[in-house]
Amino acid sequence: MVKNNISTDDLLATIIKGIEDVKGLDIDILDLREIDNRVCDYFVICNGTSNTQVNAIVNSIQKGVSRELKDKPWHVEGTENGEWVLMDYVSIVVHVFQKHIREYYNIEGLWGDAKITSLENKY
């Protein structure tokens, strides 16, 4: 699959906007670019309050990226149960969790060498 030539910064901004548009919570951006053997440039991690909100966040991200950047994720998994949805945009992997699942897996702790930027909830 050939990916469009899209700026990672534009993709990151569009993903964040998609999360914020449906009030996704506790957004963390993990910058993996300085880590050897990284799987992508960034992880974006957030959580919703229910499986319905998790799926709404995923849909908002997909619609925004499609509309603004004419791109779609390479792979999405986890939408069936809405507890942890992974969206792979190749250079950015988005993890949308329910809070208790996020706390259990602690992705931020697993990638402790990454530079983490936490965005303040706007609501």
Side-chain angles (χ1 to χ4, degrees):
M1 172 187 228
V2 177
K3 294 297 285 181
N4 295 336
N5 192 12
I6 296 171
S7 151
T8 301
D9 291 340
D10 290 343
L11 179 58
L12 185 60
T14 305
I15 289 169
I16 298 303
K17 183 177 182 329
I19 295 168
E20 291 176 338
D21 283 351
V22 290
K23 300 183 180 176
L25 301 170
D26 305 321
I27 303 169
D28 285 339
I29 302 166
L30 280 66
D31 185 344
L32 306 174
R33 294 175 296 175
E34 300 296 321
I35 297 176
D36 293 335
N37 301 319
R38 68 184 185 266
V39 295
C40 60
D41 291 340
Y42 295 96
F43 279 167
V44 176
I45 304 171
C46 69
N47 52 271
T49 58
S50 66
N51 59 346
T52 302
Q53 188 184 23
V54 165
N55 285 320
I57 293 167
V58 170
N59 290 334
S60 178
I61 293 168
Q62 285 181 312
K63 287 178 184 174
V65 170
S66 176
R67 183 178 55 250
E68 299 294 324
L69 304 176
K70 310 295 186 249
D71 198 9
K72 60 183 180 177
W74 178 72
H75 182 73
V76 177
E77 62 183 71
T79 56
E80 301 80 27
N81 63 19
E83 292 183 344
W84 176 5
V85 178
L86 180 140
M87 306 173 73
D88 187 348
Y89 282 96
V90 182
S91 63
I92 299 175
V93 174
V94 183
H95 300 270
V96 185
F97 289 98
Q98 286 190 40
K99 186 173 183 165
H100 68 284
I101 301 295
R102 179 178 182 174
E103 290 170 352
Y104 179 79
Y105 285 102
N106 188 23
I107 300 289
E108 294 92 336
L110 292 174
W111 291 89
D113 292 343
K115 178 184 173 203
I116 300 176
T117 304
S118 298
L119 303 182
E120 186 175 324
N121 293 332
K122 293 186 175 182
Y123 23 84

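We use all heavy atoms of the structure for the numbers below, so side chains are in, but hydrogens, waters and symmetry mates are not.
- The two residues Gly24 and Gln53 come nearest to each other via the heavy atoms N-NE2, 4.0 Å.
- Between Leu30 and Ala114, the shortest heavy-atom distance links the atoms CB-CB, 4.1 Å.
- Using a distance-only test at 3.5 Å, with no hydrogens or angles considered, a donor-acceptor pair links the side chain of Gln98 to the main chain of Gly82.
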query = Can Met87 and Ile15 be said to form a side-chain contact (heavy atoms from CB on, under 4.5 Å), step by step?
reply = CA-CA 10 Å; Met87 306 173 73; Ile15 289 169; over 6 Å; no
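- By the 4.5 Å heavy-atom criterion applied to side chains, Lys99 and Leu25 are not counted as neighbours.
- A donor-acceptor distance shorter than 3.5 angstrom exists from the side chain of Lys70 to the backbone of Arg67, with no hydrogens or angles considered.
- Hydrophobic clustering keeps Tyr89 apart from Trp84 (ILVMFWY residues linked when any side-chain heavy atoms are closer than 4.5 Å, directly or through intermediates).
- Look at Asp28 and Arg102 and you find a salt bridge, because one of the NZ, NE, NH1 or NH2 atoms lies within 4.0 Å of a carboxylate O, short of that distance.
- The closest side-chain heavy-atom distance from Leu12 to Val44 is below 4.5 Å.
- Note: Glu83 CD to Asn55 CG = 10.5 Å, rounded to the nearest 0.5 Å.
- For the pair Asp41 (side chain) and Arg33 (backbone), a donor-acceptor distance under 3.5 Å is absent.
- Note that CD of Glu77 and CG of Asp88 are 9.0 Å apart. Values are rounded to the nearest 0.5 Å.
- Nearest heavy atoms, Val54 versus Phe97: CG2-O, 3.5 Å.
- With rounding to the nearest 0.5 angstrom, the CG atom of Leu32 is 12.0 Å from the CG atom of Asn37.
- For the residue pair Trp74 and Val90, the shortest heavy atom distance occurs at CB-CG2, 3.9 Å.
- Residues Ile16 and Val65 fall within the same hydrophobic cluster, defined by Ile, Leu, Val, Met, Phe, Trp and Tyr side chains chained together at heavy-atom separations under 4.5 Å.
- One distance of note links CG of Asp71 with CD of Gln62; it measures 11.0 Å at 0.5 Å rounding.
- Across all their heavy atoms, Ser60 and Gly18 have their closest contact at OG-O, 2.7 Å.
- Listed here is the closest heavy atom pair of Ile27 and Cys46: CG1-CB, 4.0 Å.
- In terms of hydrophobic clustering, with Ile, Leu, Val, Met, Phe, Trp and Tyr side chains grouped at heavy-atom distances under 4.5 Å, Trp111 and Leu86 are assigned to a common cluster.
- Both Ile35 and Ile107 are members of a single hydrophobic cluster when ILVMFWY side chains are connected at heavy-atom separations under 4.5 Å.
- Proximity of a side-chain donor or acceptor of Thr14 to a complementary backbone N or O of Asp10 within less than 3.5 Å is detected.
- Under the 4.5 Å side-chain heavy-atom criterion for ILVMFWY residues, no single connected hydrophobic cluster contains both Ile92 and Val39.
- Rounded to the nearest 0.5 Å, atoms OG (Ser91) and CG (Asp9) are 9.5 Å apart.
- Atom CG of Asp26 and atom CG of Asn47 lie 4.5 Å apart (nearest 0.5 Å).
- Shown are Asn51, Val94, Ile61, Thr79; of these, the side chain to side chain contact (heavy atoms under 4.5 Å, CB included) with Val85 is made only by Thr79.
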